[in-house]
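Heads up, the thing below is written out as structure tokens.
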Amino acid sequence: MVRALFAIVLSLTLGAPAALAGPAAVAPEGWQSSQRGDLTVYRSANGREAMLFREIADVTDPVAAVKMIADGLTQHADAVLVSEPGSQSQVAVHDLEYERRNVVMRGKVIGVRQASGVFLALAHFAPKSEPGLAGRMATSIEKMAALSGGSSVTPTARQTPVRTAAERSSPTATTGPAVSQVLFDLKYSYGVGGAVYPTYNLVALLEGGWAAKLGSFAVDSINMSALPRKDVGTWQRAGGEYRVRWQNGKSSDLKPTVGPPKPLPSAQFLSGTYQAIGGGGNTALGGQTLVAEVKQFTFRSDGTFSQGSTKSGSAPRVAAGARSSTAGRWSLDGPNLTLRYGNGRVLRTSVFYSASRKRSAKGGQYGVVWIGGEDYRRVR
């Protein structure tokens, strides 16, 4: 059963956080609201549409911002059918249509800048077959425009324009300051059955003193406006370490001797099959709930790859599972990995290995690699 996504409204601020204005005025009458951490959620009565509000720091280009949100929403789509950016003087609009689990979804990501400097973005989504969807989307544009107070969303000379597909695939393309180095940030997370295990997150230290958690971004195309406050910060050298202060008030001390993460010597060293295992539950604490997911990449020397995942879960008197797979072609340029899927989708992300955790460079085999910020272990 497919749960429909959604209408998502995000508040993107310039400089210091400002009070979020207008979500209640945008949400249709009768929708139910709830709070999920820093998200305020409005959901329709049938659950097929919703509005989620949150704050993201440092938006410089409204058109690029709504496009970035649209790209994120379709990241796991089976096929992207329409992805068209556009703008007017007061509203930036990105039209979307994509297929997910045999359901065609339709959406618009709408952005406005208010006189106060706050930038509001609304991504309005539902199954294409949803009755009255087109009319509600038109109303969303009108309501968002009314919140602008006459402020323009046209990019200024200091803002980054939307890049073409060719520019995004260029090794020199970037949406922010150049990366000076990438380091590991050691944290602890919960995995299969609720067990605690170490997680080595990739943090990019950028020129000019900025820092960003790399996540699924490619090193040459980190979009700072796409990241929540907890993933953006500033760094300073502190003795032999680097102190990062995140915009949510927390900090991290990074040691360049941990790992350190390095690009593979060449594309041939990536050939092989890699797995990542994750999940949740409480069996490690004596409970009866277990959730597990195995993700797998196989990179072949002929430039093709296959990707799949297997999910399973169990609880008292309940068990479930699901599988998915896809394929395409891959290429590696330093730490930047490009995946071209058979349905036309193109994903650019990163690949690193740890100098202290590689098994052997002999025969092109590296024991652990980080693909899209997640650690994968070579299985063959």
*Could you name each residue pair satisfying ring pair (Phe, Tyr, Trp, His ring centres under 6.0 Å) that touches residues 246-268, not counting sequence neighbours?*
none

*Student check: side-chain heavy atoms of E241 and L254 closer than 4.5 Å*: no

*asked:* I'd like to check P127 versus R48 (side-chain heavy atoms, cut-off strictly below 4.5 Å). Are they in contact?
replied: yes

*Evaluate the criterion ring pair (Phe, Tyr, Trp, His ring centres under 6.0 Å) for residue pair Y274 and Y376; output intermediate values, then yes/no.*
CA-CA 5 Å; Y274 302 83; Y376 282 75; 7.5 Å; no

*State plainly whether the residues R136 and E49 are in salt-bridge range, i.e. N to O under 4.0 Å.*
yes

_Looking only at side-chain N and O atoms, does R348 offer a donor or acceptor that is under 3.5 Å from a partner on T338?_
yes

*Side chains of V109 and V93: closer than 4.5 Å at any heavy-atom pair?*
no

*asked:* Would you say L202 ends up clustered with Y242 if hydrophobic residues are merged whenever their side chains have heavy atoms under 4.5 Å apart, either directly or through other cluster members?
replied: no

*Does the pair K255/D253 count as a salt bridge with the N-to-O cut at 4.0 Å?*
no

*What distance do T349 atom OG1 and N336 atom CG have between them, rounded to the nearest 0.5 Å?*
9.0 Å

*Would you mind reporting whether V182 and V203 have side-chain heavy atoms less than 4.5 Å apart?*
no

_Do V351 and W370 make a side-chain contact, defined as non-hydrogen atoms from C-beta onward lying under 4.5 Å apart?_
no

_Shortest non-hydrogen contact between Q307 and Y341, atoms and distance_ = OE1-OH, 2.6 Å

*Salt bridge between K128 and E97, side-chain N to carboxylate O under 4.0 Å?*
yes

*Using atom types as modelled and distance alone, determine if a side-chain donor or acceptor of R377 lies under 3.5 Å from a backbone N or O of V379.*
no

_Pairing donors with acceptors under 3.5 angstrom, does anything connect the side chains of S306 and R300?_
yes

*Is there a donor in the side chain of Q247 and an acceptor in the side chain of D231, or the other way round, less than 3.5 Å apart?*
no

*Over 12 non-hydrogen atoms of neighbours within 6.0 angstrom of CD in Q181*: yes

